[in-house]
2 protein chains.
Amino acid sequence: MIPSSLKSQTSVDVVRPLAPRQLKLVRDATQGGQTAGLASASPCANCVMHWACITGAVPSAQQERLDRMVHTWRKVGKGESLFRAGDTFHALYAIRSGSFKTVVSHPNGTSHVTGFQLSGETLGLDGIAADRHTCDAVALEDSTVCSMPFHCVEDLCQDIRPLQRRLHQLMAEEIVRESGLMLLLAGLTAETRVATFLLNLSTRMQDRGYSGSSFTLRMTREEIGSYLGMQLETVSRALSRFQREGWIAVSGKQIGIVKKSALSEL
Amino acid sequence: MIPSSLKSQTSVDVVRPLAPRQLKLVRDATQGGQTAGLASASPCANCVMHWACITGAVPSAQQERLDRMVHTWRKVGKGESLFRAGDTFHALYAIRSGSFKTVVSHPNGTSHVTGFQLSGETLGLDGIAADRHTCDAVALEDSTVCSMPFHCVEDLCQDIRPLQRRLHQLMAEEIVRESGLMLLLAGLTAETRVATFLLNLSTRMQDRGYSGSSFTLRMTREEIGSYLGMQLETVSRALSRFQREGWIAVSGKQIGIVKKSALSEL
DNA sequence: CGGCTGGTTGATACCGCTCAAATAATGTGG
DNA sequence: CCACATTATTTGAGCGGTATCAACCAGCCG
């Protein structure tokens with residue numbers, strides 16, 4: 001189980017184990033009560049992010065076992081860490097709302113953003129390797145996550161084949177994602193990287209029901225730069241150039257995609 | 001230590017399903033007969049790479065089921081592909097002898113080496129994500145691999161917890177490895193990358209019973225460059241510089257590590 | 001309001017890429 | 001086994017894309 005003593009920061013790293021009944025209510029609150037009428041049977045099935053979450057693979061007949069597993073949730077305030085490199089690994093986390101960045105650090109002091117995670121995506125896979133996390137997961141905005149104790153996940157995988165399959169896919173997708181990113185970092189120019197980044201973010205926003213052509217960046221230019229292996233000034237210049245060309249509209253963190261084709265042809 | 005008395009022919013993509021008894025004999029041949037006296041019980045357990053292989057997690061009581069799973073092996077000649085991007089995913093491969101590179105390609109034609117795999121390491125994890133491989137796996141020298149049909153692996157995982165655990169670790173290790181590589185690509189200078197590469201290879205050779213201070217590169221400067229995100233000339237210059245400084249001894253593909261500390265302090 | 005973080009833009013330096021040429025290593029056919 | 005073709009490696013010279021340094025601006029919050 002998740003010890004409630006998990007590194008608590010300023011205020012918000014509170015883990016709340018709740019009885020299923022209470023949990024339902026809390027979850028409904030998270031969703032602004034929109035699904036209150038439906039929420040009786042199975043909290044996980046009613047989650048707005050169910051479609052993207054690892055738990056989506058569990059057949060409805062076994063939802064009950066799922067809800068027993070996913071029985072804690074957690075708020076993480078903007079700038080706070082869900083876990084840090086070196087923390088012992090307990091659980092995988094499904095992002096219910098908000099977004100995160102993952103950061104790895106080199107002994108020499110430099111650090112690098114290895115990914116941005118949106119709602120529905122999973123955090124913590126890195127911890128499986130050595131029972132210890134190897135990166136920091138930091139919230140880019142006030143966020144909520146569901147905790148899935150990993151030994152419970154492994155237990156469930158024994159009985160629910162689709163879940164096993166899904167977990168394997170999830171990890172493999174992460175492997176593929178990273179190798180794609182390496183190709184980006186190693187081979188392409190700064191502008192191409194920024195363009196690719198915008199397009200990727202665009203489709204992911206669209207998948208979540210937001211507009212793919214107008215969205216808000218939750219991360220700073222510096223974080224984008226770190227992710228893409230360049231300086232923040234270079235990111236800024238690339239965005240300015242794209243705007244001059246009429247391909248995008250930039251206003252601070254607000255991004256509008258005007259000419260997607262131009263970006264993808266870089 | 002790694003006996004590759006395996007001669008490669010041109011037509012090597014041969015998969016040979018064998019009865020267990022025959023298999024034993026073939027394997028013993030693969031090992032140069034060194035373990036012939038011991039090989040009666042369980043071929044997998046007698047593999048020289050068992051310690052590093054995913055199958056090392058299977059308790060001896062269940063070796064027999066393992067041997068039923070790992071019942072095909074395959075030679076891959078230098079320069080040939082074990083699988084290619086786009087191939088449908090069937091199996092994971094454990095490298096029994098030799099070494100490989102994995103290469104991903106960008107639509108625009110550029111390609112990038114995402115990793116080098118040595119004996120005992122596993123290939124094919126990328127295919128799990130979409131039942132289709134996303135990279136090419138190319139032998140850097142004449143090599144042999146054991147095929148492990150993935151549906152069999154998943155079946156066995158249901159019954160053998162340690163194997164499930166090991167598979168998860170394996171995938172997570174790959175995730176961690178890649179995020180470390182991204183840090184390398186994004187943040188460090190060309191010389192630092194080359195130094196890190198040499199040190200990494202050195203420890204992996206040592207783990208396999210070779211000297212960590214004197215070994216042969218199986219890949220070209222160009223492949224190293226692709227892996228590290230730089231041009232082959234830059235790799236060559238870095239190696240030359242390290243030699244001028246007296247930190248390493250280079251003679252073509254033969255590398256001697258003279259002053260490990262200097263390399264790690266870059 | 002004034003400090004502060006985040007973002008934009010400009011000037012300059014430098015690392016690593018590109019092009020080029022010479023040399024070494026490897027493979028092939030006779 | 002040699003002669004030749006091919007591939008791999010080293011080294012040099014010059015250019016260009018990014019980093020770096022610096023100045024300035026815009027929100028934001030106490």
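Chain identifiers are assigned alphabetically (A, B, ...) following the order of the sequence lines, protein sequences preceding nucleic acid strands; residue numbering begins at 1 within each chain. Since the model is a prediction, treat every value here as computed from it, not as a measurement.
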Original post:
How does protein contact run along nucleotides 7-16 of chain D, one letter per nucleotide 5' to 3', with B for base contact, S for sugar-phosphate only, - for none, heavy atoms under 4.0 Å?
Top reply: -SSBBBB---

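- The distance from atom OG of A:Ser236 to atom CZ of A:Arg221, rounded to the nearest 0.5 Å, is 6.0 Å.
- A straight line from CZ of A:Arg241 to P of C:dT8 spans 16 Å, rounded to a whole angstrom.
- Under the 4.5 Å side-chain criterion, counting only non-hydrogen atoms from C-beta, B:His90 is in contact with B:Thr88.
- Comparing the helix axis at one end of the helix from C:dC1-D:dG30 to C:dG30-D:dC1 with that at the other, each defined from 5 consecutive pairs, gives an inter-axis angle of 50° (nearest 10°).
- The distance from atom CG of B:Leu228 to atom P of C:dG16 is 12 Å, rounded to the nearest whole Å.
- Between B:Gln231 atom CD and D:dG17 atom C1' there is a gap of 13 Å when expressed in whole angstrom units.
- Put simply, CD on A:Gln254 is 16 Å from C1' on C:dG6, counting in whole angstrom units.
- In this structure, the side chain to side chain contact (heavy atoms under 4.5 Å, CB included) partners of B:Ser226, at least two apart in sequence or on a different chain, are B:His112, B:Val113.
- Here B:Gly229 lies in heavy-atom contact (under 4.0 Å) with sugar-phosphate atoms only.
- If you check residues 181-196 of chain B against DNA chain D, you find no residue with a heavy atom closer than 4.0 Å.
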Mind listing the side-chain donor-acceptor pairs of residues 245-255 of chain B below 3.5 Å, one per line with the distance, residues two or more places apart or on another chain?
residue	atom	partner	partner atom	Å
B:Glu245	OE2	B:Arg241	NE	2.8
B:Glu245	OE2	B:Arg241	NH2	3.1
B:Gln254	OE1	B:Thr216	OG1	2.8
B:Gln254	NE2	B:Ser214	OG	3.4
B:Gln254	NE2	B:Phe215	O	3.3

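- Residues that satisfy the salt bridge (charged side-chain N to carboxylate O under 4.0 Å, His left out) test with A:Glu174, not counting sequence neighbours, are A:Arg177.
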Donor-acceptor contacts under 3.5 Å from residues 259-266 of chain A side chains, at least two apart:
residue	atom	partner	partner atom	Å
A:Ser264	OG	A:Lys260	O	3.1
A:Ser264	OG	A:Ser261	O	3.0

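- Whole-Å rounding puts the B:Leu217 CG to C:dT26 P distance at 13 Å.
- Applying the salt bridge (Lys or Arg N to Asp or Glu O under 4.0 Å) rule to pairs touching residues 108-124 of chain B yields B:Glu121-B:Arg204, B:Glu121-B:Arg208, sequence neighbours excluded.
- For A:Arg218, the salt bridge (charged side-chain N to carboxylate O under 4.0 Å, His left out) test picks out A:Glu141, with sequence neighbours left out.
- The salt bridge (charged side-chain N to carboxylate O under 4.0 Å, His left out) search around A:Glu223 returns A:Lys101, not counting sequence neighbours.
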Restricting to nitrogen or oxygen on both sides, can you table the protein-nucleotides 25-30 of chain D pairs closer than 3.5 Å?
none

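- Smallest separation of non-hydrogen atoms from A:Cys135 and A:Val104: CB-CG1, 3.7 Å.
- Summarising the geometry of A:Gly212 relative to A:Ser202, their closest heavy-atom pair is O-OG, 2.6 Å, with the distance given to 0.1 Å.
- For A:Gln117, the side chain to side chain donor-acceptor pair (under 3.5 Å) partners at least two apart in sequence or on another chain are A:Thr102.
- Taking all atoms of both residues into account, the shortest heavy-atom contact from B:Ile95 to B:Val145 is CA-CG1, 4.1 Å.
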